[in-house]
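I am attaching a structure below and will ask some questions about it afterwards.
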Number of protein chains: 2
Amino acid sequence: MGLLSKPIKTLDDLFVHTLQDIYYAENQIAKSLPKMIAKATDAELKQGFETHLEETKGQIKRLEQVFQMHGQDVKGVTCAAMDGILEEATETMSDVGDKDVLDAAMLSSAQAIEHYEITRYGTLVAFARQLGRDDCADVLQQTLDEEKATDKKLTAIAESKVNRKAA
Amino acid sequence: MGLLSKPIKTLDDLFVHTLQDIYYAENQIAKSLPKMIAKATDAELKQGFETHLEETKGQIKRLEQVFQMHGQDVKGVTCAAMDGILEEATETMSDVGDKDVLDAAMLSSAQAIEHYEITRYGTLVAFARQLGRDDCADVLQQTLDEEKATDKKLTAIAESKVNRKAA
């Protein structure tokens, strides 16, 4: 969360702050996925990243909808966590030569991204319900369900073949 | 993962690299938790963080055991992801004045930490099994199970009272 963000006094402030954090994170993910798509060798993995990119674009739109529903400007604040996760992903990608090992490394990075999203959306849904904003919670829950499904799909790809090819 | 780490050529290299990444991360978590314990107001949350700290110390020992089992020096490499997650946690802690909202914010940070651990240990278990190191996988699986249980416990504390008090 950003240094220039406003002080957090209430759960509502914390909810908005977390929305801004994940809005920044989603936009960074949308910028990073095309590089991962370009580098993926396994066809199913490449397809998985492409689907993830489409979903990310939809999730960004959903966040914009929640900002509006909650009477807030659409805005991101720097998310050091996602910056760190993506920095590691980029570094590892450049460190790995073998294409099958690279697929396994990118898959591991994609799951780290997913889990960050799962934890933040889980928190957002809980905050929204606590604040009596079931309408916002329902929209955010759609994204949470998508993220969990994507994580399961990535695990299945990892276990069924990507790790096997890399070994 | 670190700039000075050795090139990753095989799945075994990637496994060792990921071990080093989470070893660094766990040690950073062990340094951060005492601050969260000191700042927590809700007794159950404070107790939860204390348990997490004890578990983290045990998880560090388990990682040291896996390094040895796999014939590797015990070593960490900078994990930008965990640095980012903890930087956000610290920033948010300093941004929040109200003690109940602070509890909710710290709980959210703790879950982000948990999810990073869950994704990395999940990957490590899968890599170890693929490499035929079921002995290492079994040790790592113990930590993965602990992390998942802790995440559930934190969710229960959040839903049953911390978010409610903050609202």
Side-chain angles (χ1 to χ4, degrees), chain A residues 1-3 5-14 17-18 21 78-89 91-92 95-98 100-102 104-105 107-109 111-120 122-124 126-127 129-132 151 155 158-159 163-167, chain B residues 1-3 5-14 17-18 21 78-89 91-92 95-98 100-102 104-105 107-109 111-120 122-124 126-127 129-132 151 155 158-159 163-167:
Chain A
M1 307 196 179
L3 286 168
S5 49
K6 73 173 195 138
I8 298 160
K9 291 183 185 158
T10 65
L11 188 64
D12 199 292
D13 294 340
L14 187 59
H17 200 80
T18 309
D21 174 270
T78 304
C79 166
M82 188 50 68
D83 282 345
I85 291 169
L86 294 173
E87 185 188 320
E88 274 199 36
E91 253 183 56
T92 311
D95 281 356
V96 179
D98 181 89
D100 292 328
V101 178
L102 178 59
L107 212 154
S108 158
S109 299
Q111 290 200 282
I113 294 168
E114 279 309 322
H115 271 273
Y116 186 78
E117 296 185 272
I118 288 169
T119 187
R120 288 297 186 221
T123 294
L124 282 168
F127 286 172
R129 298 225 180 272
Q130 201 53 59
L131 292 165
D151 182 55
T155 299
E159 287 177 355
N163 292 351
R164 196 163 306 169
K165 281 194 210 169
Chain B
M1 305 193 179
L3 286 168
S5 50
K6 73 174 195 138
I8 298 161
K9 290 184 186 157
T10 64
L11 188 64
D12 199 292
D13 295 338
L14 187 59
H17 200 79
T18 310
D21 173 271
T78 304
C79 166
M82 188 49 68
D83 282 345
I85 291 168
L86 294 173
E87 186 188 320
E88 275 198 37
E91 254 183 56
T92 311
D95 281 355
V96 179
D98 182 89
D100 292 328
V101 178
L102 178 60
L107 212 153
S108 157
S109 299
Q111 289 199 283
I113 293 169
E114 278 310 320
H115 271 273
Y116 186 77
E117 296 185 273
I118 289 170
T119 187
R120 288 299 185 219
T123 294
L124 282 168
F127 286 172
R129 297 226 181 271
Q130 200 53 57
L131 292 165
D151 182 54
T155 299
E159 288 178 355
N163 291 351
R164 196 163 306 171
K165 283 195 212 169

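Fair warning: this is a prediction, and the values are worked out from it, not measured in the lab. Side-chain atoms are counted along with the backbone in the values below, which use heavy atoms only and exclude waters and symmetry mates. Below, chains carry the letters A, B, ... as their sequence lines are ordered, and counting in each starts from 1.
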message: Is A:T10 in contact with chain B via its backbone, its side chain, both, or neither, using a 4.5 Å heavy-atom distance?
response: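 When you check distances to chain B, only backbone atoms of A:T10 fall under 4.5 Å.
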
- prompt: Quick one: of A:V96, A:L131, A:I118, A:D12, who has the most non-hydrogen atom pairs under 4.5 Å with chain B?
  reply: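 Winner by heavy-atom pair count: A:V96.
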
- prompt: Can A:T92 and B:L14 be said to form a side-chain contact (heavy atoms from CB on, under 4.5 Å), step by step?
  reply: CA-CA 9 Å; A:T92 311; B:L14 187 59; 4.2 Å; yes

task: Name all residues meeting the salt bridge (charged side-chain N to carboxylate O under 4.0 Å, His left out) criterion together with B:K9; count only those two or more places apart in sequence or in a different chain, and write none if there are none.
output: none

- request: Return the set of residues passing salt bridge (charged side-chain N to carboxylate O under 4.0 Å, His left out) with A:D13 (not counting sequence neighbours), or none when no residue passes.
  value: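 Here the qualifying residues are A:K6.
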
query: Between A:N163, A:D98, A:T155, which residue shows the highest count of heavy-atom pairs closer than 4.5 Å to chain B?
result: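 Most heavy-atom pairs within the cutoff with chain B belong to A:N163.
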
task: Select, from B:T123, B:L86, B:D100, B:L102, the one with the greatest count of heavy-atom pairs under 4.5 Å involving chain A.
output: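 Greatest number of close heavy-atom pairs with chain A: B:T123.
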
field: Which of B:G97, B:G122, B:A112, B:A89 touches chain A most, by non-hydrogen pairs under 4.5 Å
entry: B:A112

- prompt: B:A158 versus chain A, heavy atoms under 4.5 Å apart: side chain, backbone, both or neither?
  reply: neither

Contacting region of A:E87 [heavy-atom separation from chain B under 4.5 Å]: side chain

- request: Against chain B, label A:D83 side chain, backbone, both or neither, depending on which of its atoms sit under 4.5 Å from a heavy atom there.
  value: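 Interface part for A:D83: neither.
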
field: Partner chain A: residue of B:L11, B:L107, B:I85, B:D151 with the largest heavy-atom pair count (under 4.5 Å)
entry: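 If we count pairs closer than 4.5 Å to chain A, B:L11 comes out on top.
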
message: I need the minimum non-hydrogen distance between B:E88 and A:R120, along with the two atoms involved.
response: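 Looking at all heavy atoms of both residues, the shortest contact is OE1-NH2, 3.3 Å.
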
